[in-house]
S.K.: 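This is the structure I have questions about; it appears just below.
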Amino acid sequence: MQQLYSWLRRHPTTVDTAWALLVLGVSLLSGPGNAGFGYSGGTYAVFVLTLAGLMALRRRVPDAALVGGVLVGVFQLVADWTPNVADVVLLVLAYTAAAFGSRWASRTAMAAGLAAGPLAVWRFGTSDPNVPQPGQTVLVSVLLSAPFVLSWALGRLTRIRRAYYAELEDRAARLERERDARAKVAVAAERARIARELHDVVAHNVSVMVVQADGAAYVLDGSPEQAREALATIAATGRQALDEMRRLLGVLRTAEPGAGEYVPQPGVEQLPDLLEQVRGAGLAVDFTLEGSPRPLPRGVELTAYRIVQEALTNVRKHGGPDVRADVHIRFGDGTVDVLVEDDGRGAAAELYERGGADGQGHGLIGMRERVGMVGGRLDAGPRPGGGFRIRAVLPLKTVTAV
(Lines give C-alpha, C1' and ligand atoms only; values in the text may rest on other atoms or scores of the structure.)
Protein backbone atom coordinates (compact mmCIF):
# COMPACT_ATOMS: atom_id res chain seq x y z
CA MET A 1 0.00 0.00 0.00
CA GLN A 2 2.82 2.39 0.80
CA GLN A 3 4.44 1.75 -2.57
CA LEU A 4 1.11 2.31 -4.33
CA TYR A 5 0.57 5.55 -2.42
CA SER A 6 4.07 6.74 -3.31
CA TRP A 7 3.51 5.91 -6.97
CA LEU A 8 0.21 7.79 -7.04
CA ARG A 9 1.87 10.84 -5.49
CA ARG A 10 4.53 10.79 -8.19
CA HIS A 11 1.88 10.61 -10.96
CA PRO A 12 -0.84 13.16 -10.06
CA THR A 13 -2.06 13.50 -13.65
CA THR A 14 -2.85 9.79 -13.78
CA VAL A 15 -4.94 10.09 -10.63
CA ASP A 16 -6.76 13.16 -11.94
CA THR A 17 -7.47 11.39 -15.23
CA ALA A 18 -9.00 8.45 -13.39
CA TRP A 19 -11.30 10.78 -11.45
CA ALA A 20 -12.16 12.63 -14.66
CA LEU A 21 -13.17 9.35 -16.34
CA LEU A 22 -15.35 8.54 -13.34
CA VAL A 23 -17.09 11.93 -13.53
CA LEU A 24 -17.47 11.53 -17.29
CA GLY A 25 -19.12 8.13 -16.94
CA VAL A 26 -21.52 9.22 -14.22
CA SER A 27 -22.43 12.40 -16.13
CA LEU A 28 -23.10 10.54 -19.37
CA LEU A 29 -25.25 7.95 -17.59
CA SER A 30 -27.40 10.75 -16.13
CA GLY A 31 -27.57 12.57 -19.46
CA PRO A 32 -29.94 15.37 -20.57
CA GLY A 33 -32.60 12.88 -21.58
CA ASN A 34 -33.07 11.95 -17.91
CA ALA A 35 -32.73 15.39 -16.35
CA GLY A 36 -34.06 17.84 -18.95
CA PHE A 37 -31.10 20.21 -18.86
CA GLY A 38 -32.30 22.28 -21.78
CA TYR A 39 -29.75 21.22 -24.37
CA SER A 40 -29.26 18.32 -26.78
CA GLY A 41 -27.33 15.14 -26.11
CA GLY A 42 -24.44 16.12 -28.42
CA THR A 43 -24.01 19.48 -26.77
CA TYR A 44 -24.19 17.88 -23.35
CA ALA A 45 -21.48 15.37 -24.33
CA VAL A 46 -19.17 18.19 -25.44
CA PHE A 47 -19.90 20.05 -22.20
CA VAL A 48 -19.09 17.00 -20.05
CA LEU A 49 -15.94 16.14 -22.06
CA THR A 50 -14.68 19.71 -21.61
CA LEU A 51 -15.12 19.59 -17.83
CA ALA A 52 -13.54 16.12 -17.65
CA GLY A 53 -10.53 17.37 -19.65
CA LEU A 54 -10.11 20.34 -17.31
CA MET A 55 -10.22 18.00 -14.32
CA ALA A 56 -7.58 15.68 -15.83
CA LEU A 57 -5.17 18.62 -16.32
CA ARG A 58 -6.03 20.55 -13.17
CA ARG A 59 -2.73 19.95 -11.35
CA ARG A 60 -0.54 20.14 -14.44
CA VAL A 61 -1.88 23.59 -15.44
CA PRO A 62 -3.98 24.79 -12.48
CA ASP A 63 -4.28 28.41 -13.65
CA ALA A 64 -5.39 27.49 -17.16
CA ALA A 65 -7.81 24.89 -15.79
CA LEU A 66 -9.42 27.54 -13.59
CA VAL A 67 -9.81 29.95 -16.51
CA GLY A 68 -11.42 27.15 -18.53
CA GLY A 69 -13.78 26.32 -15.67
CA VAL A 70 -14.84 29.99 -15.30
CA LEU A 71 -15.51 30.23 -19.04
CA VAL A 72 -17.56 27.01 -19.00
CA GLY A 73 -19.59 28.31 -16.03
CA VAL A 74 -20.23 31.67 -17.71
CA PHE A 75 -21.25 29.95 -20.96
CA GLN A 76 -23.59 27.68 -18.97
CA LEU A 77 -25.30 30.75 -17.50
CA VAL A 78 -25.55 32.51 -20.85
CA ALA A 79 -26.94 29.40 -22.59
CA ASP A 80 -29.41 28.82 -19.75
CA TRP A 81 -28.08 25.33 -19.04
CA THR A 82 -29.29 24.36 -15.61
CA PRO A 83 -26.74 22.86 -13.13
CA ASN A 84 -26.02 19.15 -13.51
CA VAL A 85 -23.81 16.46 -12.01
CA ALA A 86 -20.81 17.42 -14.13
CA ASP A 87 -20.67 20.82 -12.39
CA VAL A 88 -18.92 19.13 -9.45
CA VAL A 89 -15.76 19.64 -11.52
CA LEU A 90 -16.12 23.40 -10.90
CA LEU A 91 -15.79 22.75 -7.17
CA VAL A 92 -12.66 20.71 -7.77
CA LEU A 93 -11.18 23.49 -9.92
CA ALA A 94 -11.83 26.04 -7.14
CA TYR A 95 -10.00 23.75 -4.70
CA THR A 96 -7.13 23.26 -7.17
CA ALA A 97 -6.67 26.99 -7.77
CA ALA A 98 -6.45 27.64 -4.02
CA ALA A 99 -4.11 24.70 -3.37
CA PHE A 100 -1.79 24.72 -6.40
CA GLY A 101 -2.49 27.84 -8.46
CA SER A 102 -0.87 31.24 -8.44
CA ARG A 103 -2.06 34.06 -6.22
CA TRP A 104 -4.25 35.66 -8.88
CA ALA A 105 -5.83 32.29 -9.70
CA SER A 106 -6.64 31.69 -6.05
CA ARG A 107 -8.24 35.10 -5.71
CA THR A 108 -10.17 34.61 -8.95
CA ALA A 109 -11.49 31.25 -7.71
CA MET A 110 -12.66 32.86 -4.47
CA ALA A 111 -14.40 35.70 -6.30
CA ALA A 112 -16.02 33.31 -8.78
CA GLY A 113 -17.22 31.07 -5.96
CA LEU A 114 -18.82 33.99 -4.12
CA ALA A 115 -20.50 35.16 -7.33
CA ALA A 116 -21.70 31.69 -8.37
CA GLY A 117 -24.70 31.64 -5.99
CA PRO A 118 -26.13 35.08 -6.80
CA LEU A 119 -25.58 34.58 -10.55
CA ALA A 120 -27.31 31.19 -10.48
CA VAL A 121 -30.29 32.67 -8.61
CA TRP A 122 -30.42 35.59 -11.03
CA ARG A 123 -30.32 33.33 -14.06
CA PHE A 124 -32.41 30.37 -12.97
CA GLY A 125 -34.53 31.91 -10.21
CA THR A 126 -35.74 30.14 -7.06
CA SER A 127 -37.98 27.12 -6.88
CA ASP A 128 -39.51 27.27 -3.41
CA PRO A 129 -42.64 29.49 -3.34
CA ASN A 130 -43.00 29.07 0.45
CA VAL A 131 -39.90 31.18 1.15
CA PRO A 132 -40.76 34.91 0.87
CA GLN A 133 -38.71 37.32 -1.20
CA PRO A 134 -36.04 38.63 -0.76
CA GLY A 135 -35.19 36.12 1.97
CA GLN A 136 -35.49 33.27 -0.46
CA THR A 137 -33.01 34.88 -2.85
CA VAL A 138 -30.41 35.50 -0.13
CA LEU A 139 -30.79 32.03 1.35
CA VAL A 140 -30.48 30.22 -1.97
CA SER A 141 -27.54 32.41 -3.02
CA VAL A 142 -25.66 31.58 0.17
CA LEU A 143 -26.41 27.88 -0.15
CA LEU A 144 -25.21 27.78 -3.77
CA SER A 145 -22.01 29.74 -3.00
CA ALA A 146 -21.17 27.78 0.16
CA PRO A 147 -19.76 24.67 -1.65
CA PHE A 148 -17.41 26.86 -3.70
CA VAL A 149 -16.21 28.77 -0.63
CA LEU A 150 -15.67 25.55 1.32
CA SER A 151 -13.75 24.02 -1.59
CA TRP A 152 -11.56 27.14 -1.81
CA ALA A 153 -10.95 27.09 1.97
CA LEU A 154 -9.96 23.41 1.83
CA GLY A 155 -7.53 24.25 -0.95
CA ARG A 156 -5.95 27.02 1.13
CA LEU A 157 -5.51 24.63 4.04
CA THR A 158 -3.85 22.17 1.69
CA ARG A 159 -1.47 24.87 0.44
CA ILE A 160 -0.58 25.89 4.00
CA ARG A 161 0.03 22.27 4.98
CA ARG A 162 2.23 21.68 1.93
CA ALA A 163 4.22 24.83 2.72
CA TYR A 164 4.63 23.66 6.31
CA TYR A 165 5.86 20.24 5.23
CA ALA A 166 8.21 21.84 2.71
CA GLU A 167 9.62 24.03 5.49
CA LEU A 168 10.10 20.98 7.70
CA GLU A 169 11.90 19.16 4.90
CA ASP A 170 14.09 22.19 4.23
CA ARG A 171 14.88 22.49 7.94
CA ALA A 172 15.73 18.81 8.15
CA ALA A 173 18.01 19.11 5.11
CA ARG A 174 19.65 22.20 6.59
CA LEU A 175 20.17 20.48 9.94
CA GLU A 176 21.66 17.49 8.14
CA ARG A 177 24.07 19.76 6.28
CA GLU A 178 24.99 21.50 9.53
CA ARG A 179 25.51 18.13 11.19
CA ASP A 180 27.81 17.06 8.36
CA ALA A 181 29.68 20.35 8.61
CA ARG A 182 30.09 19.97 12.37
CA ALA A 183 31.30 16.41 11.83
CA LYS A 184 33.91 17.64 9.35
CA VAL A 185 35.02 20.36 11.75
CA ALA A 186 35.26 17.80 14.55
CA VAL A 187 37.31 15.48 12.34
CA ALA A 188 39.63 18.35 11.39
CA ALA A 189 40.02 19.34 15.06
CA GLU A 190 40.73 15.74 16.02
CA ARG A 191 43.34 15.41 13.30
CA ALA A 192 44.95 18.65 14.43
CA ARG A 193 45.01 17.35 18.00
CA ILE A 194 46.59 14.09 16.87
CA ALA A 195 49.14 16.04 14.82
CA ARG A 196 50.10 18.03 17.92
CA GLU A 197 50.32 14.84 19.98
CA LEU A 198 52.51 13.16 17.36
CA HIS A 199 54.75 16.20 17.16
CA ASP A 200 55.24 16.27 20.94
CA VAL A 201 55.84 12.53 21.15
CA VAL A 202 58.24 12.33 18.23
CA ALA A 203 60.12 15.55 19.00
CA HIS A 204 60.67 14.64 22.64
CA ASN A 205 61.52 10.96 22.34
CA VAL A 206 63.63 11.26 19.22
CA SER A 207 65.68 14.08 20.76
CA VAL A 208 66.31 11.88 23.83
CA MET A 209 67.34 9.01 21.57
CA VAL A 210 69.70 11.23 19.60
CA VAL A 211 71.38 12.54 22.74
CA GLN A 212 71.74 9.04 24.15
CA ALA A 213 73.09 7.72 20.85
CA ASP A 214 75.70 10.48 20.70
CA GLY A 215 76.71 9.74 24.27
CA ALA A 216 76.93 6.02 23.63
CA ALA A 217 79.15 6.57 20.59
CA TYR A 218 81.40 8.85 22.63
CA VAL A 219 81.96 6.39 25.54
CA LEU A 220 81.71 3.17 23.55
CA ASP A 221 85.44 2.40 23.63
CA GLY A 222 86.34 3.83 27.02
CA SER A 223 83.26 2.90 29.09
CA PRO A 224 81.23 0.05 27.61
CA GLU A 225 78.98 -0.06 30.69
CA GLN A 226 77.79 3.53 30.16
CA ALA A 227 77.30 2.78 26.48
CA ARG A 228 75.07 -0.15 27.36
CA GLU A 229 73.05 2.05 29.71
CA ALA A 230 72.63 4.62 26.97
CA LEU A 231 71.50 1.94 24.52
CA ALA A 232 69.03 0.62 27.08
CA THR A 233 67.65 4.15 27.48
CA ILE A 234 67.35 4.45 23.71
CA ALA A 235 65.43 1.17 23.52
CA ALA A 236 63.08 2.13 26.37
CA THR A 237 62.45 5.57 24.87
CA GLY A 238 61.78 4.06 21.46
CA ARG A 239 59.29 1.59 22.90
CA GLN A 240 57.52 4.38 24.77
CA ALA A 241 57.33 6.45 21.59
CA LEU A 242 55.94 3.51 19.64
CA ASP A 243 53.30 2.85 22.29
CA GLU A 244 52.11 6.46 22.23
CA MET A 245 52.13 6.59 18.43
CA ARG A 246 50.10 3.36 18.22
CA ARG A 247 47.59 4.82 20.63
CA LEU A 248 47.25 8.01 18.61
CA LEU A 249 47.12 6.33 15.22
CA GLY A 250 44.57 3.86 16.56
CA VAL A 251 42.14 6.77 16.84
CA LEU A 252 42.44 7.27 13.09
CA ARG A 253 41.91 3.61 12.29
CA THR A 254 38.83 3.01 14.40
CA ALA A 255 35.38 3.88 13.04
CA GLU A 256 33.81 4.22 16.48
CA PRO A 257 33.45 7.88 17.51
CA GLY A 258 35.38 8.77 20.62
CA ALA A 259 37.15 5.41 20.78
CA GLY A 260 40.35 7.11 21.86
CA GLU A 261 38.77 8.96 24.75
CA TYR A 262 39.17 6.05 27.16
CA VAL A 263 42.89 5.57 26.57
CA PRO A 264 44.86 7.01 29.55
CA GLN A 265 46.49 10.33 28.67
CA PRO A 266 49.68 11.60 30.37
CA GLY A 267 49.11 14.19 33.04
CA VAL A 268 50.78 16.02 35.91
CA GLU A 269 51.32 12.76 37.80
CA GLN A 270 53.57 11.51 35.00
CA LEU A 271 55.83 14.60 35.13
CA PRO A 272 58.38 12.97 37.52
CA ASP A 273 58.85 10.12 35.02
CA LEU A 274 59.29 12.65 32.21
CA LEU A 275 61.86 14.60 34.21
CA GLU A 276 63.80 11.43 35.04
CA GLN A 277 63.89 10.58 31.36
CA VAL A 278 65.18 14.06 30.54
CA ARG A 279 67.81 13.88 33.29
CA GLY A 280 68.88 10.54 31.92
CA ALA A 281 69.46 12.23 28.59
CA GLY A 282 71.93 14.61 30.25
CA LEU A 283 69.79 17.69 30.96
CA ALA A 284 69.85 18.99 34.51
CA VAL A 285 66.29 19.78 35.58
CA ASP A 286 64.97 21.10 38.89
CA PHE A 287 61.31 20.54 39.73
CA THR A 288 59.24 22.61 42.16
CA LEU A 289 55.64 21.99 43.14
CA GLU A 290 53.76 24.76 44.94
CA GLY A 291 50.29 24.57 46.42
CA SER A 292 48.05 21.62 47.13
CA PRO A 293 47.85 19.20 44.18
CA ARG A 294 44.31 18.16 43.30
CA PRO A 295 42.52 16.40 40.44
CA LEU A 296 42.44 18.44 37.25
CA PRO A 297 40.30 18.28 34.13
CA ARG A 298 41.83 15.84 31.67
CA GLY A 299 42.35 18.55 29.07
CA VAL A 300 44.25 20.74 31.54
CA GLU A 301 46.39 17.83 32.74
CA LEU A 302 47.36 16.82 29.21
CA THR A 303 48.08 20.44 28.27
CA ALA A 304 50.36 20.95 31.29
CA TYR A 305 52.24 17.73 30.55
CA ARG A 306 52.73 18.53 26.85
CA ILE A 307 53.90 22.09 27.58
CA VAL A 308 56.59 20.83 29.94
CA GLN A 309 57.58 18.10 27.48
CA GLU A 310 57.81 20.51 24.54
CA ALA A 311 59.64 23.16 26.55
CA LEU A 312 62.31 20.68 27.77
CA THR A 313 62.70 19.36 24.23
CA ASN A 314 63.38 22.91 23.06
CA VAL A 315 65.92 23.40 25.85
CA ARG A 316 67.89 20.37 24.67
CA LYS A 317 67.78 21.61 21.08
CA HIS A 318 68.58 25.28 21.61
CA GLY A 319 70.04 25.59 25.09
CA GLY A 320 73.60 24.67 24.23
CA PRO A 321 76.11 22.89 26.50
CA ASP A 322 75.86 22.83 30.32
CA VAL A 323 72.32 24.19 30.29
CA ARG A 324 70.01 23.86 33.28
CA ALA A 325 66.21 24.02 33.35
CA ASP A 326 63.70 24.76 36.08
CA VAL A 327 60.14 23.44 36.04
CA HIS A 328 57.72 25.12 38.43
CA ILE A 329 54.08 24.03 38.89
CA ARG A 330 51.84 26.14 41.10
CA PHE A 331 48.27 25.20 42.04
CA GLY A 332 46.23 28.37 42.63
CA ASP A 333 42.60 28.86 43.59
CA GLY A 334 41.27 28.75 40.05
CA THR A 335 44.33 28.21 37.88
CA VAL A 336 47.42 26.08 37.42
CA ASP A 337 50.63 27.93 36.50
CA VAL A 338 53.26 26.07 34.50
CA LEU A 339 56.66 27.77 34.30
CA VAL A 340 59.70 26.38 32.46
CA GLU A 341 62.93 28.40 32.40
CA ASP A 342 66.48 27.66 31.31
CA ASP A 343 69.81 29.49 31.52
CA GLY A 344 71.17 28.44 28.14
CA ARG A 345 71.70 30.48 25.05
CA GLY A 346 68.10 29.84 24.01
CA ALA A 347 66.64 30.69 20.64
CA ALA A 348 65.56 33.99 19.25
CA ALA A 349 61.93 34.93 19.75
CA GLU A 350 61.58 35.21 15.99
CA LEU A 351 62.52 31.54 15.62
CA TYR A 352 59.83 30.48 18.07
CA GLU A 353 57.15 32.73 16.69
CA ARG A 354 57.76 32.08 12.98
CA GLY A 355 59.39 28.71 12.78
CA GLY A 356 58.65 26.91 16.01
CA ALA A 357 61.00 24.55 17.73
CA ASP A 358 61.37 22.30 14.73
CA GLY A 359 61.46 25.01 12.10
CA GLN A 360 58.07 23.93 10.75
CA GLY A 361 55.79 26.05 12.91
CA HIS A 362 54.67 23.34 15.34
CA GLY A 363 56.58 24.33 18.49
CA LEU A 364 55.24 27.46 20.09
CA ILE A 365 52.23 27.45 17.75
CA GLY A 366 51.19 24.05 19.07
CA MET A 367 51.58 25.27 22.65
CA ARG A 368 49.39 28.29 21.99
CA GLU A 369 46.71 26.11 20.41
CA ARG A 370 46.71 23.72 23.37
CA VAL A 371 46.48 26.55 25.90
CA GLY A 372 43.78 28.31 23.88
CA MET A 373 41.64 25.16 23.76
CA VAL A 374 41.40 25.09 27.57
CA GLY A 375 40.86 28.86 27.83
CA GLY A 376 44.31 29.74 29.22
CA ARG A 377 47.10 32.07 28.13
CA LEU A 378 50.74 31.54 27.20
CA ASP A 379 53.74 33.84 27.49
CA ALA A 380 57.04 32.84 25.90
CA GLY A 381 60.25 34.64 25.06
CA PRO A 382 63.93 35.14 25.92
CA ARG A 383 64.83 35.96 29.52
CA PRO A 384 66.61 39.25 30.27
CA GLY A 385 69.60 37.45 31.77
CA GLY A 386 69.82 34.83 29.05
CA GLY A 387 67.96 31.64 28.30
CA PHE A 388 64.31 31.22 27.55
CA ARG A 389 61.11 31.32 29.56
CA ILE A 390 57.69 29.73 28.93
CA ARG A 391 54.75 30.39 31.25
CA ALA A 392 51.25 29.02 30.84
CA VAL A 393 48.25 29.88 33.02
CA LEU A 394 45.59 27.18 32.74
CA PRO A 395 42.12 27.64 34.26
CA LEU A 396 40.74 24.72 36.24
CA LYS A 397 37.40 25.14 34.45
CA THR A 398 38.02 24.39 30.78
CA VAL A 399 36.40 26.35 27.99
CA THR A 400 34.78 24.54 25.05
CA ALA A 401 36.05 25.79 21.71
CA VAL A 402 33.37 26.86 19.25
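Since the model is a prediction, treat every value here as computed from it, not as a measurement.
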S.K.: Would you say CZ of Arg103 has more than 12 non-hydrogen atoms from neighbouring residues, nucleotides or ligands within 6.0 angstrom?
M.R.: no

S.K.: Any donor and acceptor pair, going by atom type alone, linking the side chain of Asn314 with main-chain N or O of Glu310 inside 3.5 Å?
M.R.: yes

S.K.: So how far is it from Met367 CE to Arg306 CZ, rounded to the nearest 0.5 Å?
M.R.: 12.0 Å

S.K.: Who pairs with Arg324 by salt bridge (charged side-chain N to carboxylate O under 4.0 Å, His left out), at least two apart in sequence or on another chain?
M.R.: Asp286

S.K.: Using a 3.5 Å distance criterion without hydrogens, assess whether the side chain of Arg383 forms a donor-acceptor pair with backbone atoms of Asp342.
M.R.: yes

S.K.: Taking the side chain as C-beta and beyond, is there a heavy-atom pair between Ser141 and Trp122 under 4.5 Å?
M.R.: no

S.K.: Without swapping roles, check the side chain of Ser145 against the backbone of Leu114 for a donor-acceptor pair under 3.5 Å.
M.R.: yes

S.K.: Do Leu51 and Val23 have side chains that approach each other closer than 4.5 Å (heavy atoms only, starting at C-beta)?
M.R.: no

S.K.: Roughly how far, to the nearest 0.5 Å, is CE of Met55 from OG1 of Thr50?
M.R.: 14.5 Å

S.K.: Would you say that more than 12 heavy atoms from the other residues, nucleotides or ligands in this model lie under 6.0 Å from the CZ of Arg162, or not?
M.R.: yes

S.K.: Within a reach of under 6.0 Å around CG of Asp322, are more than 12 heavy atoms found that belong to other residues, nucleotides or ligands?
M.R.: no

S.K.: To the nearest 0.5 Å, how far apart are CG in Leu274 and OH in Tyr305?
M.R.: 4.5 Å

S.K.: Restricting to salt bridge (charged side-chain N to carboxylate O under 4.0 Å, His left out), what partner residues turn up for Glu167, sequence neighbours left out?
M.R.: Arg171

S.K.: Under 4.5 Å between any side-chain heavy atoms of Leu396 and Phe331, yes or no?
M.R.: no

